[in-house]
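Here is the structure we will look at, set down as structure tokens.
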2 protein chains.
Amino acid sequence: MVNKNKDQSTEEKILAAAKKVFIEKGMAGARMQDIADEAGINKALLHYYFRSKEKLFQVIFKAAAGNLFPRIQSILTSNLPLFDKIEQFTNDYIEIVIENPYLPLFVLNEMNKQRDNFIEKIFGGKPPEMHLLAAQIEKEVKKGTIKKTSPGHLIINMISMCIFPFIGKPMIQIIMQLDELQFRNMMEQRKKLVSTFIIDSIKK
Amino acid sequence: MVNKNKDQSTEEKILAAAKKVFIEKGMAGARMQDIADEAGINKALLHYYFRSKEKLFQVIFKAAAGNLFPRIQSILTSNLPLFDKIEQFTNDYIEIVIENPYLPLFVLNEMNKQRDNFIEKIFGGKPPEMHLLAAQIEKEVKKGTIKKTSPGHLIINMISMCIFPFIGKPMIQIIMQLDELQFRNMMEQRKKLVSTFIIDSIKK
DNA sequence: GTCTATAACTCGATAGAC
DNA sequence: GTCTATCGAGTTATAGAC
């Protein structure tokens, strides 16, 4: 059931609070005091459970990145026909990001700052493989069902159109004069529109 | 000529250093000491010229945002035919971002953190207008040259495919196993490919 | 204008009582 | 496990000599 505080263990309360504060302010901008306040506990308890700010951050970051990347991996390696794959990916991925709209900026922002080994941290050493999807696209090109298409650019375009609108939300809202509800409605529409746009572009 | 330090006034040295440090580390992560070191001057001089870290940051942020937004505005209001407009925008915008690859993440990141009035700060009260481009698209739809197309989504798609690859660079490099040179080459290719992709998608 | 020195403050982390 | 109190490092900002 929905017990926002009562039935939650202290550790869970800390994790929920840390997620909120880190995503909102980033590693450098977040304060341990903010997290303690948000969790309704004392600052010292944070150190009792997670030793340091850095350690706590890594837990949150791994969880966040683990929500964004495996979905891409699974679509890159699934066995669906190409057009179905595109439809499923755009629909599902936009849905995920609608429910976690601040995740992409948080993860990409920290990835750009930390120069070290994400691959280890996030995937445990094995990054996603795109060769299967690339081969599938080449096959469709040879069959003549789609135009000559660069698999790499196609994947970049697909991911860009799913994720960017949420990162660029304030910019888009200014340019298009959208309030919260209008923006939300546009993102809902995109679940169908993006795959149509992509397929229209590559099919002969 | 290219006098990186000698002929530069102290103020210019500070601005260049501040731009570099703020873009790399963000407002919260940057230290006045870092900026002073980068500029080859003393910490106290920063306050002599710009009073506070916050004030210095605002100068850098305005300049950075002023580099990204007016370009969009100018394409939204220019008088070119639709397809030429799309070609020119994608080509020019990607070129700008290739030369300033960290600008988009910096600007969008800070826009998502500061909840206040950007429109004032960046545009002086008048945000870009997209009605002209929207009308142009509607006109082409009626003429039958392009499919029924949502102007809003088309603009979002266009901006997404130009900007996102630079924000998501580390993610893309992991998924596609690209080194620096390969990534750079892909971005060069995109200057032509993105407009082709868009036009293929909307033309009948 | 530019520097050194330092004040004033913030924040992560720990000690120690309960 | 949880709290209060506090230390010590690091940061912005200023005072004041040159």
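These figures come from a predicted structure and were not determined experimentally. Numbered from 1 within each chain, the chains take letters A, B, ... in sequence-line order.
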(request) Could you check B:Glu180 against B:Arg184 for salt bridge (Lys or Arg N to Asp or Glu O under 4.0 Å), going step by step and ending with a plain yes or no? (result) CA-CA 6 Å; B:Glu180 287 302 313; B:Arg184 165 73 190 233; over 6 Å; no
(request) Rounded off to whole Å, could you give me the CG-to-P distance for the A:Leu46 and D:dT2 pair? (result) 11 Å
(request) Locate the shortest heavy-atom distance separating B:His47 from B:Ser52; write the atom from each residue and the value. (result) CD2-CA, 4.1 Å
(request) Can you tell me which stems DNA chain C forms, taking runs of 3 or more consecutive Watson-Crick or G-U pairs with both distances under 3.5 Å? (result) C:1-18 with D:1-18
(request) Determine whether the side chains of A:Asn91 and A:Glu87 contain a donor N or O and an acceptor N or O closer than 3.5 Å. (result) no
(request) Count the heavy atoms of every other residue, nucleotide or ligand shown that sit under 6.0 Å from NZ of B:Lys25, and state whether that count exceeds 12. (result) no
(message) Using the side chain to side chain contact (heavy atoms under 4.5 Å, CB included) criterion, which residues pair with A:Ile175? Sequence neighbours excluded.
(response) A:Met171, B:Ile72, B:Leu76, B:Pro128, B:Ile159
(message) I need the CD1-P distance between B:Ile35 and D:dG10, as an integer number of Å.
(response) 19 Å
(request) Under the ring-ring contact (aromatic ring centres under 6.0 Å, His included) rule, collect the residues that match up with A:Phe22, sequence neighbours excluded. (result) A:Phe57
(message) For A:Arg31, give me all partners under side chain to side chain contact (heavy atoms under 4.5 Å, CB included), at least two apart in sequence or on another chain.
(response) A:Asp34, A:Lys53
(request) Find the distance A:Ile14:CD1 to D:dG1:C1' and express it as a whole number of Å. (result) 11 Å
(message) For B:Thr149, give me all partners under side chain to side chain contact (heavy atoms under 4.5 Å, CB included), at least two apart in sequence or on another chain.
(response) B:Ile137, B:Ile146, B:Lys147, B:Leu154, B:Ile202
(request) Take atom NZ of B:Lys25 and atom P of D:dT12, then tell me their distance rounded to the nearest Å. (result) 11 Å
(message) I'd like to compare against my own output: the B/S/- annotation of nucleotides 3-18 of chain C with a strict under-4.0 Å heavy-atom distance to protein.
(response) BB------SBBB----
